[in-house]
Number of protein chains: 2
Amino acid sequence: MSHFGSGTEYGLHCLILLAQAPGAIISSRDLAELQGVSVYFLAKIFPRLEKAGIVTASEGIRGGYTLARPADEITVLDVVEAIEGRKPLFECQEIRGRCAVFGGQPPAWATAGVCGIHAVMIRAERILHDELARTTLSGLADGVGRKAPPGFETDVQAWLADRFESRAQAQIAAVKKPRPRRQNET
Amino acid sequence: MSHFGSGTEYGLHCLILLAQAPGAIISSRDLAELQGVSVYFLAKIFPRLEKAGIVTASEGIRGGYTLARPADEITVLDVVEAIEGRKPLFECQEIRGRCAVFGGQPPAWATAGVCGIHAVMIRAERILHDELARTTLSGLADGVGRKAPPGFETDVQAWLADRFESRAQAQIAAVKKPRPRRQNET
DNA sequence: TATAACACAGAGTATATTGCTCTGCGTTAT
DNA sequence: ATAACGCAGAGCAATATACTCTGTGTTATA
């Protein structure tokens with residue numbers, strides 16, 4: 001297993017798509033089906049991004065998500081912390097005060113300040129966070145844009161727009177087929 | 001929960017003690033009881049440190065562990081990787097190739113090279129590792145030495161030496177009390 | 001040579017997390 | 001009225017964490 005879960009991966013991919021379509025409202029279902037990941041799982045991730053102020057939600061049919069602020073103001077660290085939660089690199093249990101030679105009453109010098117091991121971990125964690133905060137969603141989106149041929153991004157937007165538009169037609173189709181619910185292919 | 005488990009914390013504390021007593025053989029039981037942590041749990045951690053070449057084990061009564069190389073040649077990263085295993089920061093599942101507009105056959109450009117998100121994570125991971133590799137066991141031990149009053153380290157060594165010496169006497173004591181096994185206080 | 005403590009291997013256990021599935025509720029555009 | 005939406009939360013199998021305990025073989029000492 002890795003330190004960051006797949007939720008973070010899915011979330012970042014979705015947010016890049018939102019960054020490429022500024023202002024567009026895209027549902028978690030469409031984002032999931034576009035990328036071939038679980039609709040249900042993605043639907044659990046987005047509320048966290050909303051609570052963190054990264055996306056804004058709109059309800060009802062034709063509802064969905066949009067970036068809450070410009071893509072260059074959302075860092076990878078913001079997304080990781082929103083989805084994974086703020087779990088620290090290291091949780092100091094203050095072993096130093098338990099030393100048997102203290103006999104249960106550790107002297108002041110033993111528990112003063114930050115434990116040496118903990119200090120190393122705090123430093124490493126800050127460096128990791130700084131690095132993750134260096135890349136923004138617009139930076140990631142630019143990277144994708146540079147690799148893809150000119151037509152690709154348009155195709156993706158067309159795919160999403162088609163889904164969005166078909167919300168109205170779904171109602172008409174429902175007259176013929178009672179339950180036209182899509183199945184997920186995961 | 002934190003990214004690094006308590007095994008890493010216990011391990012580092014034990015290795016600092018071994019670094020402070022170069023050449024001494026200390027059993028996992030003594031290390032555990034000196035620090036008030038689980039004897040059994042520590043006994044599961046040390047074989048990993050041995051497999052990683054950080055400590056060497058000696059068997060039998062009066063057996064135990066010593067550092068396998070000088071304390072300034074063992075980094076915090078070495079210890080973390082030995083105990084936690086080499087789990088990556090991020091495990092790329094190649095979401096980019098699953099895009100629905102590709103219809104199951106992603107073009108070469110889409111899957112060429114490293115995924116942009118993965119690239120950010122690889123960079124962050126290397127920076128984290130570099131930072132953890134910057135501190136050695138001797139560096140940590142020096143930090144403890146600077147904080148503690150002059151007599152402390154001697155007291156600890158005396159506590160451990162006393163345990164080590166008493167291995168022989170334990171057999172004499174066993175004649176009077178049939179089962180003089182120590183209980184752990186965790 | 002019996003013994004006690006050791007390293008080491010591995011089974012077992014309680015609890016938590018991960019990744020995912022599914023149901024139900026209130027909201028919204030048609 | 002309907003269908004799809006966000007959102008909250010229950011459930012669930014698989015895995016991980018932090019221990020706990022047992023058993024095997026090794027070694028120094030009385």
Side-chain angles (χ1 to χ4, degrees), chain A residues 1-10 25-30 32 37-51 55-65 83-85 87 91 93 163-175 177-182 184 186, chain B residues 1-10 25-30 32 37-51 55-65 83-85 87 91 93 163-175 177-182 184 186:
Chain A
M1 238 208 23
S2 52
H3 284 108
F4 295 159
S6 46
T8 296
E9 184 171 11
Y10 298 167
I25 290 172
I26 312 181
S27 70
S28 61
R29 156 166 269 123
D30 286 355
V37 303
S38 160
V39 175
Y40 294 126
F41 189 52
L42 210 58
K44 288 210 88 163
I45 289 167
F46 265 94
R48 296 187 206 177
L49 292 170
E50 208 222 337
K51 281 181 190 67
V55 297
T56 51
S58 39
E59 293 202 330
I61 185 172
R62 298 211 167 173
Y65 296 96
I83 296 175
E84 303 277 330
K87 67 171 161 179
E91 217 146 14
Q93 293 174 63
R163 281 294 178 104
F164 187 77
E165 299 299 331
S166 68
R167 301 291 181 233
Q169 293 160 22
Q171 204 176 149
I172 302 167
V175 178
K177 296 190 289 174
R179 289 206 89 207
R181 291 186 79 163
R182 286 186 294 275
N184 62 320
T186 314
Chain B
M1 239 207 22
S2 52
H3 284 108
F4 296 159
S6 46
T8 297
E9 184 171 11
Y10 299 168
I25 289 171
I26 312 181
S27 70
S28 61
R29 155 165 268 123
D30 286 355
V37 303
S38 160
V39 176
Y40 293 127
F41 189 52
L42 212 57
K44 287 210 90 162
I45 290 168
F46 266 93
R48 296 187 207 177
L49 292 171
E50 208 222 338
K51 282 181 189 68
V55 297
T56 51
S58 37
E59 293 202 328
I61 184 173
R62 298 208 166 177
Y65 296 96
I83 297 176
E84 303 276 330
K87 66 171 162 179
E91 218 147 14
Q93 294 173 63
R163 279 293 179 105
F164 188 76
E165 298 300 330
S166 68
R167 300 290 182 237
Q169 293 158 23
Q171 205 173 147
I172 303 169
V175 178
K177 295 188 290 174
R179 290 207 87 207
R181 291 186 81 163
R182 286 186 292 278
N184 63 321
T186 314

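Naming: A, B, ... by sequence-line order, numbering from 1 per chain.
One atom, CD1 of A:Ile25, and another, C1' of C:dA29, lie 12 Å apart when rounded to the nearest Å. If you measure from atom CD1 of A:Ile26 to atom C1' of D:dA4, you get 16 Å, rounded to the nearest angstrom. For the pair A:Met1 CE and C:dT18 C1', the interatomic distance rounds to 7 Å; values are reported in whole Å. The interatomic distance linking A:Tyr65 (OH) with D:dA4 (P) rounds to 17 Å, in whole Å. Computed from coordinates, the B:Phe164 CZ to C:dA4 P distance equals 19 Å when rounded to whole Å. In this entry the distance linking CG of B:Leu42 with P of C:dC8 reads 12 Å, nearest Å. As a whole-Å value, the separation of B:Lys51 NZ from C:dG10 C1' is 11 Å. Rounded to whole Å, atom P of C:dA9 lies 12 Å from atom CZ of B:Arg48.
Note that CD of B:Glu50 and CD1 of B:Ile45 are 14.5 Å apart. Values are rounded to the nearest 0.5 Å.
Taking side-chain N and O atoms only, A:Ser38 has no distance below 4.0 Å to OP1 or OP2 of C:dG19. Side-chain nitrogen and oxygen atoms of A:Tyr10 include at least one within less than 4.0 Å of the OP1 or OP2 phosphate oxygen of C:dC20. Within the 4.0 Å cut-off from OP1 or OP2 of D:dT17, not a single side-chain nitrogen or oxygen of B:Ser2 is found. Between D:dA4 and A:Ser27, no contact under 4.0 Å exists linking OP1 or OP2 to a side-chain N or O. Contact check, B:Ser58 against C:dA7: no side-chain N or O comes under 4.0 Å of OP1 or OP2. Between B:Arg29 and the phosphate of C:dA5, there is no side-chain N or O to OP1/OP2 separation shorter than 4.0 Å. Put simply, B:Thr56 has no side-chain N or O that comes within less than 4.0 Å of OP1 or OP2 on C:dA7. OP1 or OP2 of C:dA7 sits under 4.0 Å from a side-chain N or O of B:Ser28. Listed pair A:Lys87 / C:dA16 fails the phosphate criterion, with no side-chain N or O lying under 4.0 Å from OP1 or OP2.
Aromatic ring pairs are classed by plane angle as parallel below 30°, tilted from 30° to 60° and perpendicular above 60°; the pair B:Tyr65 and B:Phe46 is parallel.
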List the steps, then state whether side-chain contact (heavy atoms from CB on, under 4.5 Å) holds for B:Phe4 with B:Glu9. CA-CA 8 Å; B:Phe4 296 159; B:Glu9 184 171 11; over 6 Å; no
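Among the atoms of the strands shown, none is found under 4.0 Å from any heavy atom of B:Phe46.
Side chain of A:Ser6, nearest nucleotide from C:dG19, D:dC5, D:dA18: C:dG19.
Residues satisfying the side-chain contact (heavy atoms from CB on, under 4.5 Å) test with B:Ser58, not counting sequence neighbours, are B:Ile25.
Annotation for A:His3 and A:Glu84: closest pair O-OE1, 3.7 Å, computed over non-hydrogen atoms. Of all heavy-atom pairs spanning A:Gly63 and A:Ser27, the tightest one is O-CB, 3.9 Å. When all heavy atoms are compared, the tightest approach of A:Ser6 to B:Gln93 is CB-NE2, 2.9 Å. Heavy atoms only, all atoms of each residue included: A:Arg163 and A:Asp30 are closest at CB-OD2, 3.2 Å.
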Restricting both atoms to N or O, compile the protein contacts to nucleotides 9-13 of chain D shorter than 3.5 Å, with distance only.
{"residue": "D:dA10", "atom": "N6", "partner": "A:Lys44", "partner atom": "NZ", "Å": "2.8"}

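For the helix from C:dT1-D:dA30 to C:dT30-D:dA1, the axis fitted to the five pairs at one end and the axis fitted to the five pairs at the other end meet at an angle of 0° (nearest 10 degrees).
Using a distance-only test at 3.5 Å, with no hydrogens or angles considered, no donor-acceptor pair links the side chain of B:Arg29 to the main chain of B:Ala43.
Remark on DNA chain D: of its neighbouring residues B:Ala43 and B:Glu59, the 5'-side contact belongs to B:Ala43, judged by nearest-heavy-atom nucleotide. When each of A:Gly63 and A:Pro47 is assigned the nucleotide of DNA chain D bearing its nearest heavy atom, the one mapping closer to the 5' terminus is A:Gly63. Map A:Phe41 and A:Gly60 each onto its nearest nucleotide of DNA chain C; the residue landing nearer the 5' end is A:Phe41.
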